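Nothing here was measured: the structure is a model prediction, and the numbers come from that model. Atoms within each ligand, like the ligands themselves, are counted from 1 in listed order.
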Amino acid sequence: MTTLLNETIEGLKTNVKGLVVLPDDPRYDEVREIWNAMIDRQPAVIVQCAEADDVSHAILFARNNGLEISIRGAGHNIAGNAVCDNGVMIDLSTMKNVHVDAHKRRAYVEPGATLGDFDKVAQIHGLATPVGINSTTGIAGLTLGGGFGWLTRKYGLTIDNLISAEVITADGNKIRTSETENPDLFWAIRGGGGNFGVVTEFEFDLHPVGPEILAGLIVFPFSQAKQVLTQYRKFVESAPEELNVWVVLRKAPPLPFLPEHVHGQEVVVLAVFYAGDIAEGEKLIEPLRSFGDAYGEHIGAQPYVAWQQAFDPLLTRGARNYWKSHNFTELQDGALDAIAEFAGKLPSVACEIFIGLIAGASNRISPSAMAYYHRDAKFVLNVHGRWDDVTDDERCIVWAREFFQASAPYASAGAYVNFMTEEEGDRITAAYGSNYDRLVQIKRRYDPENIFHLNQNIKP
Ligand SMILES: Cc1cc2nc3c(=O)[nH]c(=O)nc-3n(C[C@H](O)[C@H](O)[C@H](O)COP(=O)(O)OP(=O)(O)OC[C@H]3O[C@@H](n4cnc5c(N)ncnc54)[C@H](O)[C@@H]3O)c2cc1C
């Protein structure tokens, strides 16, 4: 058996243009490492793909040898499904090419590109599409689960801007999918994750953005949390969709614009983003300052790409992470009380609760238009447990779970698959609502043997 595998590995090496990395390779540990340090898995074979055909070879190699398959974009997913034990890890992280056709306002993006790779090229032309808020996140995983960020209020989810994709299916074939080519597959990959095949190219619609936008932070004392949250709720009801404001409750990082005595103290942060005329934005955000007696603020015109990296220093790889998440159609008093209570007992300096505002364009799309179902969600709340020491695991996980329970009565239905941990399989049907049955039908057609099952799995 081992000899057979050795022979086929030689065949695999001959077939692929990229690299085949085995456990005895000095690069093995570096290549198998992903963002969440709680995940430590050892694939039998890693195929670092250089082109789409490498993906086909890797799939067929895994199938012929009865090995499980995991798919890695930028390796950010909290559940850690990008890496597997004893199977084949299809590593796309070196396929990072981004091509922009500025005339057509389209971007063609390989699946290993990070949001930073994508934004950088699109912004050369003053263009962008909605993606997430941390530039090292992968475009592939983010898009396939939905994708939202600062531009979502105005331009929708990332999938709402997906025009077509190239997919390698379970039989190793390469197909194109869009509204007109294999439309059922296109419907499924817009929210259905990596269940249906390996995407080797995304085509996105682009919009004029920046290159300068107005953005920054206002930091309030934690003792004013309830009043800030209550006024925030009212403010965002009528704010224009060019304006986005998220709330983060955490211990203050040592930001230079904050007095030193505030560093390490619990604070309430408004993260502000306006993608329109700067002077108009200044007027619109003025009321935010009266929500309380701010410790300090740092807001100004800056390049969109700089703001897209603003949170990177707080979200570096290598920490231990455990997340829980809810959707909300409104922020009821009980939810705000629970947020204030649990932000008052953060179990580590890096733990945080954030409220992402997504109300706007995404709410105007029908829930049945594509796999992503919960179009009524106006806020996505993420309980972000984050710490370094393994001995803090239990304390931090219990805090996140207890807050999740305490805020659950005020949440709306469903869940965002991109924020789900590996233990949350029971939330998958809820995440897709009445779209789930159609997803099962499409899974049966494209992956009847469920070879792509290391994901938020839709069982055929
Ligand atoms: C620090 C941080 C900040 C984040 N911020 C946001 C945010 O602002 N907005 C938001 O919407 N999300 C956000 N996310 C969640 C993010 O969207 C998911 O973690 C996403 O899965 C990351 O994609 P990736 O390619 O890096 O992940 P990976 O771990 O590489 O992949 C995740 C899964 O996606 C599938 N997959 C990946 N690539 C492919 C492919 N080419 N073809 C088929 N399947 C594939 C596989 O099932 C894989 O297991 C954030 C995550 C982190 C860690």
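- For ligand 1, residues of the protein lying within 4.0 angstrom by heavy-atom distance are Trp35, Ile71, Arg72, Gly73, Ala74, Gly75, His76, Asn77, Asn81, Ala82, Leu92, Pro111, Gly132, Ile133, Asn134, Thr137, Gly138, Ala140, Gly141, Leu142, Leu144, Gly147, Phe148, Gly194, Gly197, Val198, Val199, Leu315, Trp323, Tyr416, Asn418, Phe419, Leu454, Asn455.
- Evaluated for a side-chain contact (heavy atoms from CB on, under 4.5 Å) with His76, the options Asn134, Asn36, Ile34 yield exactly one hit, Asn134.
- Scanning for salt bridge (Lys or Arg N to Asp or Glu O under 4.0 Å) contacts around Glu352 gives Arg250, with sequence neighbours left out.
- The shortest side-chain heavy-atom distance between Phe404 and His326 falls under the 4.5 Å cut-off.
- No donor-acceptor contact under 3.5 angstrom links the side chains of Ser56 and Asp53, judged on distance only.
- In this structure, the ring-ring contact (aromatic ring centres under 6.0 Å, His included) partners of Phe354, at least two apart in sequence or on a different chain, are Trp246.
- Screening residues 165-188 for ring pair (Phe, Tyr, Trp, His ring centres under 6.0 Å), with sequence neighbours left out, gives no hits.
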